[in-house]
Visitor: 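Pasting in a structure now, in structure tokens, and then I'll have a few things to ask.
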Amino acid sequence: MLEIKDLHASVQGTEILKGLNLTVKPGEVHAIMGPNGSGKSTLSYVLAGREGYEVTGGRIIYCGEDLTDLEPEERAAKGVFLAFQYPVEIPGVPNSTFLNEAVNSVRRYRGEEELDKIQFVKMLRAKTKELGMSDEMLKRAVNVGFSGGEKKRNEVLQMAVLEPKLAILDETDSGLDIDALKIVADGVNAMRSPERSALVITHYQRLLDYIVPDKVHVLAQGRIQKTGGKELALELEKSGYADFKGEAA
Amino acid sequence: MAATAETVEQVKSIAGEKYKYGFVTDIESDKAPKGLSEDIVRFISAKKNDPEWLLEWRLKAYRRWLEMPEPKWAKVDFPAINYQDYHYYSAPKQKGDGPKSLDEVDPQLLETYKKLGIPLHEQEMLAGVQNIAVDAVFDSVSVATTFRKQLEKVGVIFCPISEALERCPDLVRKYLGSVVPVADNKHACLNAAVFTDGSFVYIPPGVRCPMELSTYFRINEMNTGQFERTLIIADKGSYVSYLEGCTAPMRDENQLHAAVVELVALDDAEIKYSTVQNWYPGDENGKGGIYNFVTKRGACRGKNSKISWTQVETGSAITWKYPSCILQGDNSVGEFYSIAITNNAQQADTGTKMIHLGKNTRSKIISKGISAGKADQTYRGLVKISAKAEGARNYTQCDSLLIGDTCGAHTVPYIESKNKKAIIEHEATTSSISEDQLFYLRQRGISQENAVALVVNGFCRDVLQQLPMEFAVEAQKLVAISLEGSVG
Ligand SMILES: Nc1ncnc2c1ncn2[C@@H]1O[C@H](COP(=O)(O)OP(=O)(O)OP(=O)(O)O)[C@@H](O)[C@H]1O
Ligand SMILES: [Mg+2]
């Protein structure tokens, strides 16, 4: 699904990712943990193709194809989804209008027929219900005036609607109450299938009780420093990242 | 900044080509010779079969015009206009008298309007769900008015103003120039001297006009000015919603458009006037395009009357336009909702005047300005409250959105209040489309152009919602096209 080889990436001339290697097979869920500022969000932006995040070395192979030269919208259409650590507000654009535009843009790109209003609304209602969200949130402008938790839930709704092949969740659990956390986890689990994979960036072992990962990685100093199973998250909970901080490459 | 820069680049590269209304209709026309003189005024008057008083009115206007200075206060820049270089009358040639019904309209003209997306055949309009009566003005004359019979049943008069002079001369004479005086400003004065056609609407007391009325303006001929004059009278307790759309072919010369619109609302009457202005804006270097110098004003003469202006201004090389309300009647309401988009080398100086004279008069101004490319635009507004206007209130909100860093937006609000108890609120913001927003939308699969369009449409939402449904959809597309070419 995803194969990252010796990835180097810079932001405004500063190298943040320094030879990162990561392989995610179809159907797998990987958790990425690591200290603040270690490059987790940077990795997610690089994967999504954000401008200003320059790949200076290495390769990102997604479904057999090098992503490096693709525009963000092309990657999205090919099934890469990023749930943002800080979701962005779009004043005046109703959430449902935005989702409709997104779904049909992706369908157009894939050469599929666009959903008409009725089909779309039906699909959207179903997803909203599954996630225990209110229809009222669909009418409001994208993320405007949403609470922190509502924004995160809105990210999960977008993911559910777009049904990505590779979902990257950047601290989607931060700021969620227990009930919301379960909803988010259910949302991710509902999408688990042999064809879909997920990268879950988190600071809290707690989330991984609900979304059980196949692998846990520690990202520090711009590299994957350690990889283990679910139990690694529990270890980190106790010992912190002290072991990884001095080991700059 | 990179993504925005790229958008701006894209805007620049497609701009000129994207004007899809830029075709020319090859049709024989009947024209006045170039230039302006008393003889030309008499020529036009004769062509229109004016009554004697109107000829006098025109001549008086012409003489005043000669002496009037060009208005200089707007923040727009263009070479002096050579008024002798325009034709002041141009009409598609027709055999014998004017068309009596649509069947007699030149098929080429019908084709033109079809290309513009304005179906003039009533059957076609009925086939679609639209229920809009259309008056189509081609260069200087009205070529077709639809749905007349249905309107006549309820007593609504909707026809070319030249025809109204025959059908209801007293009404025309009573109200013509009563809101915009002949010598209001140089452009309006020129219009009074040479106006050729435009629409006339009269809604009788207590009648709610059963359909949207609409006029579609098209300049086709080269070096032709268009000087239409619209007069709408809503008698006591009546209601009408009126829409106006405009396009012109792409031409390298600047064309002059100096229209006048007068609205009169009597007691308890309401007029909703919407404009989607998409005159040819010129190419990306500012060559060609329409000079849109328009005077629009409404008088809320009666108590509890209401006039609301909604405009979507995307076209024209230069826009100079301040649809205004004179709130004479007690409890009358004036509203102005505006979206102005300038791209490339376009310039716009637009806004409104709300003149509060009556008691408890209220006005609301919502202006959304979007600037891209090297364009420059100014919101210029006046809120004036007279001493007698007890309980007057105004709320003004001006928001500017900048795309790229080579464009400009300015807000010039004037407030003159002679009544200490009046409540006047003013809010203004300036923002730009952020990288974060664009990346967020693109990450969801939305192309850069559509992402910009979405953000801009969101920015304009409060105003778009004021438009009648059919127009709102068109306007949204137009917002996208004009920036897509600039935004999506
Ligand atoms: N635009 C930028 N300009 C300069 N430095 C940047 C920029 N963006 C990120 N960085 C730096 O890159 C490093 C990695 O940031 P990143 O956001 O990827 O960390 P993170 O692992 O997601 O941290 P957190 O857990 O706090 O979310 C940080 O030191 C940050 O300051
Ligand atoms: Mg982060």
Visitor: Are there more than 12 heavy atoms of other residues, nucleotides or ligands under 6.0 Å from atom CZ of B:Arg362?
Guide: no
Visitor: Quick check: are there more than 12 heavy atoms from other residues, nucleotides or ligands sitting under 6.0 Å from CZ of A:Arg140?
Guide: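 For A:Arg140, atom CZ is crowded (more than 12 foreign heavy atoms under 6.0 Å).
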Visitor: Among A:Arg108, A:Glu73, A:Lys78, which residue forms the greatest number of heavy-atom pairs with chain B at distances under 4.5 Å?
Guide: A:Glu73
Visitor: Taking atom OG1 of A:Thr97 and atom CG of B:Leu454, what is their separation to the nearest 0.5 Å?
Guide: 7.5 Å
Visitor: Can you tell me which residue among A:Glu51, A:Glu74, A:Glu101 is in a salt bridge (charged side-chain N to carboxylate O under 4.0 Å, His left out) with B:Arg442?
Guide: A:Glu51
Visitor: Side chain, backbone, both or neither: which part of A:Gln158 has a non-hydrogen atom closer than 4.5 Å to chain B?
Guide: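 When you check distances to chain B, only side chain atoms of A:Gln158 fall under 4.5 Å.
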Visitor: Is any side-chain heavy atom of B:Leu441 less than 4.5 Å from a side-chain heavy atom of A:Ile90?
Guide: yes
Visitor: Can you tell me which of A:Gly52, A:Ala141, A:Ala77, A:Pro94 forms the most heavy-atom pairs within a distance under 4.5 Å of chain B?
Guide: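 Between A:Gly52, A:Ala141, A:Ala77, A:Pro94, the count favours A:Pro94.
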Visitor: Donor-acceptor check, side chain of B:Gln443 to backbone of A:Arg50, threshold 3.5 angstrom: yes or no?
Guide: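 Not at all, since once roles are kept as given, no pair shorter than 3.5 Å links the two residues.
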Visitor: Any side-chain heavy atom of A:Pro91 within less than 4.5 Å of one from B:Arg461?
Guide: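 SC-SC contact between A:Pro91 and B:Arg461 ruled out.
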Visitor: Between A:Val161, A:Val80, A:Val88, A:Val93, who has the most heavy-atom pairs with chain B when the cutoff is under 4.5 Å?
Guide: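 Option with the greatest count: A:Val88.
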Visitor: Taking atom NZ of A:Lys151 as the centre, report whether more than 12 heavy atoms of other residues, nucleotides or ligands fall under 6.0 Å from it.
Guide: yes
Visitor: Could you go step by step and tell me if B:Arg444 and A:Leu162 meet the side chain to side chain contact (heavy atoms under 4.5 Å, CB included) rule?
Guide: CA-CA 8 Å; B:Arg444 299 308 185 237; A:Leu162 290 166; 3.9 Å; yes
Visitor: Mind ranking A:Ala48, A:Pro72, A:Ala76 by heavy-atom pairs under 4.5 Å with chain B and telling me who comes out on top?
Guide: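 The answer is A:Pro72.
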Visitor: Let me know if B:Tyr440 has heavy atoms under 4.5 Å from chain A in its side chain, its backbone, both or neither.
Guide: both
Visitor: Name the region of A:Tyr109, side chain, backbone, both or neither, that has any atom closer than 4.5 Å to a heavy atom of chain B.
Guide: neither
Visitor: Below 4.5 Å from any heavy atom of chain B, which atoms of A:Glu89 appear? Answer side chain, backbone, both or neither.
Guide: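 The backbone, not the side chain.
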Visitor: Select one option (side chain, backbone, both, neither) describing which atoms of A:Val142 are under 4.5 Å from chain B's heavy atoms.
Guide: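 Interface part for A:Val142: side chain.
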Visitor: Report which part of A:Pro87 has an atom under 4.5 Å of a heavy atom belonging to chain B: side chain, backbone, both, or neither.
Guide: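 Both backbone and side chain.
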Visitor: Show your reasoning for whether ring-ring contact (aromatic ring centres under 6.0 Å, His included) applies to A:Phe84 and B:Phe439.
Guide: CA-CA 11 Å; A:Phe84 284 58; B:Phe439 175 60; 5.5 Å; yes
Visitor: For A:Arg125, I'd like to know if atom CZ has over 12 heavy atoms of other residues, nucleotides or ligands within 6.0 Å.
Guide: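 Open: at most 12 neighbouring heavy atoms sit under 6.0 Å from CZ of A:Arg125.
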Visitor: Please look at A:Arg75 and chain B and tell me whether the side chain, the backbone, both or neither of the residue comes under 4.5 angstrom of a heavy atom of that chain.
Guide: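 Neither part.
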Visitor: What part of A:Tyr86 is in contact with chain B, defined as an atom under 4.5 angstrom from a non-hydrogen atom: side chain, backbone, both or neither?
Guide: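 It is neither, since no heavy atom gets under 4.5 Å.
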